[in-house]
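All chains are named by letter (A, B, ...) in the order of the sequence lines, taking the proteins before the strands, and each is independently numbered beginning at 1.
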2 protein chains.
Amino acid sequence: MSNDLLSHTIVEFYEKLSSWEMAVVKDAGHSLPQIHAVEILGGNGDMRMKELAEKMGITTGTLTVQIDKMEQAGLVARKAHQHDRRSILVGLTEQGQAVYREHDQLHHGLSDQLTAKFSDSERELLLSFFQRMNQEF
Amino acid sequence: MSNDLLSHTIVEFYEKLSSWEMAVVKDAGHSLPQIHAVEILGGNGDMRMKELAEKMGITTGTLTVQIDKMEQAGLVARKAHQHDRRSILVGLTEQGQAVYREHDQLHHGLSDQLTAKFSDSERELLLSFFQRMNQEF
DNA sequence: TTAACTATTTTGACTTTCAAAGTAAACGAA
DNA sequence: TTCGTTTACTTTGAAAGTCAAAATAGTTAA
């Protein structure tokens, strides 16, 4: 026996999250890949181009031009890697961090909105469910 | 007081779902927008270009070229609209429906995988949580 | 009948993307 | 050490996806 309903409900949740994110990013005048980079750098700190490209699911060639634009826009800075001169560390500038915090606040607001009618214990249970599912990917 | 952890855990879930979907679609040799169209048509039946474009979050101009390609590939067919000759109904072909069922099975498998360690009652609770959140967008 | 509106397609420009080739540095085995 | 291989990043050329705006065709309502 298998649960079609659960599967479809998860897909619906994903679709709605996706639409919300696109609308929010466009509304703030950013591009989706650039905000994606900001989210990853903001959540994990400086990292190498290679590593960032992997986390974003794009090639390093694509990332190079994306980071070029973001450096132009003042969101990120390239820094020398201490132990490997082939590598380059990318990190958020002050301005990039401001964009990260702002975007994070929006996520936060959505999370509040979605669980507004949940009790505290339900919210805790929901968190544990997400954590357990995240481990199974 | 607000819950950073829940917000970040939801974002993590979304990111993982997103990576999974991109990998699965690429692996099957399809493109993301085309599978998106297949999912929507498969789940809702034939619809007008306008309606499909809205559900996909793209303009009708963009959709026109996408549907051109999909028609070429034998996934969808354009049909005359009964009551409005300006409109065109788009629907899945036999082959398009096969792709839909195949992709739906993958969603299904993922849903099973993520909740493999859940008890039946936990799975039911999870479903109700998703349903409640989906209503709050 | 005609003006306003709606659905779709076409066009031109821009962004994102990849694969492949190029450059520079690190590594490792002889 | 040195030279072939691997790794990290950038560059380049081509393809896909996207939008805004213009064009086409059909509907609606006064």
Side-chain angles (χ1 to χ4, degrees), chain A residues 15 18-19 21-41 44 46-73 75-91, chain B residues 15 18-19 21-41 44 46-73 75-91:
Chain A
E15 291 279 327
S18 181
S19 297
E21 177 80 2
M22 283 197 295
V24 150
V25 166
K26 172 180 286 186
D27 188 64
H30 299 296
S31 89
L32 210 44
Q34 293 190 7
I35 285 291
H36 196 191
V38 166
E39 286 179 323
I40 293 172
L41 291 174
N44 299 274
D46 298 1
M47 65 183 67
R48 293 178 304 118
M49 293 288 284
K50 185 84 190 302
E51 198 180 349
L52 180 55
E54 273 166 11
K55 286 191 196 295
M56 291 180 70
I58 61 180
T59 63
T60 56
T62 299
L63 184 60
T64 291
V65 327
Q66 209 56 254
I67 293 295
D68 285 348
K69 289 179 191 166
M70 294 177 71
E71 212 167 16
Q72 281 285 325
L75 295 175
V76 301
R78 284 180 166 94
K79 310 164 190 178
H81 190 290
Q82 298 290 17
H83 308 304
D84 187 341
R85 276 184 298 171
R86 291 169 308 176
S87 283
I88 288 180
L89 285 182
V90 196
Chain B
E15 291 279 327
S18 182
S19 298
E21 177 81 2
M22 283 195 295
V24 150
V25 166
K26 172 180 284 185
D27 188 64
H30 299 296
S31 87
L32 210 44
Q34 292 190 8
I35 284 292
H36 196 190
V38 166
E39 286 179 322
I40 292 173
L41 292 173
N44 299 273
D46 299 359
M47 66 182 68
R48 292 178 304 116
M49 293 289 284
K50 184 84 189 299
E51 199 180 347
L52 180 55
E54 274 165 10
K55 287 191 195 297
M56 291 180 69
I58 60 181
T59 63
T60 56
T62 300
L63 184 59
T64 291
V65 327
Q66 209 55 255
I67 294 296
D68 285 348
K69 289 179 192 165
M70 294 178 72
E71 212 167 16
Q72 282 285 324
L75 295 174
V76 300
R78 283 179 166 95
K79 310 164 191 179
H81 191 289
Q82 299 291 15
H83 309 305
D84 187 342
R85 276 183 299 171
R86 291 170 307 178
S87 283
I88 287 179
L89 285 182
V90 196

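For DNA chain D, the outermost nucleotides in 5' to 3' order that have an atom under 4.0 Å from a heavy atom of chain A are D/dT7 to D/dT11.
Residues satisfying the side-chain hydrogen bond (donor to acceptor under 3.5 Å, both in side chains) criterion with A/D84, sequence neighbours excluded, are A/R86. Among residues two or more places apart in sequence or in another chain, the salt bridge (Lys or Arg N to Asp or Glu O under 4.0 Å) test is passed with B/K79 by B/D46. Partners of A/E39 by side chain to side chain contact (heavy atoms under 4.5 Å, CB included), not counting sequence neighbours, listed by chain and number: A/E21, A/I35, A/H36, A/H103, A/H107, B/E15. Evaluation of the salt bridge (Lys or Arg N to Asp or Glu O under 4.0 Å) rule for A/E54 yields A/K50 as partners, not counting sequence neighbours. Residues passing the salt bridge (Lys or Arg N to Asp or Glu O under 4.0 Å) test with A/K26: none are found, sequence neighbours excluded.
Remark: A/M47 CE to A/L89 CG distance equals 10.0 Å, nearest 0.5 Å. We find the OG-CE distance between B/S31 and B/M22 to be 13.0 Å, quoted to the nearest 0.5 Å.
Considering every non-hydrogen atom in both A/S87 and A/R48, the closest pair reads OG-CD, 3.4 Å. Residues B/P33 and B/M56 approach most closely at O-CE, 3.3 Å, considering heavy atoms.
One atom, CG of B/L63, and another, C1' of C/dT9, lie 11 Å apart when rounded to the nearest Å. Counting to the nearest Å, the C1' atom of C/dT10 and the CG atom of B/D68 are 10 Å from each other. Whole-Å rounding puts the B/I67 CD1 to C/dT9 P distance at 9 Å. Put simply, CE on A/M70 is 11 Å from P on C/dT16, counting in whole angstrom units. Following rounding to the nearest Å, A/Q66 (CD) and C/dT16 (C1') show an atom-to-atom distance of 7 Å.
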Cut-off 3.5 Å, no hydrogens considered: what does the side-chain donor-acceptor table look like for residues 58-69 of chain A, sequence neighbours left out?
unit_1: A/T59; atom_1: OG1; unit_2: A/T62; atom_2: N; d: 3.3
unit_1: A/T59; atom_1: OG1; unit_2: A/T62; atom_2: OG1; d: 3.1
unit_1: A/T64; atom_1: OG1; unit_2: A/T60; atom_2: O; d: 3.0
unit_1: A/Q66; atom_1: OE1; unit_2: A/Q34; atom_2: NE2; d: 3.2
unit_1: A/D68; atom_1: OD1; unit_2: A/R78; atom_2: NH1; d: 3.1
unit_1: A/D68; atom_1: OD1; unit_2: A/R78; atom_2: NH2; d: 3.0

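Of the residues in residues 21-38 of chain B, those with a non-hydrogen atom less than 4.0 angstrom from any atom of DNA chain D are B/S31, B/P33. Interface residues of residues 82-90 of chain A facing DNA chain C, ordered by number: A/D84, A/R85, A/R86; criterion, heavy-atom separation under 4.0 Å. The stretch residues 52-62 of chain B touches DNA chain D through B/G57, B/I58, B/T59, B/T62, each having a heavy atom within less than 4.0 Å of the strand.
The closest donor-acceptor contact from the side chain of B/N44 to the backbone of B/I40 lies under 3.5 Å.
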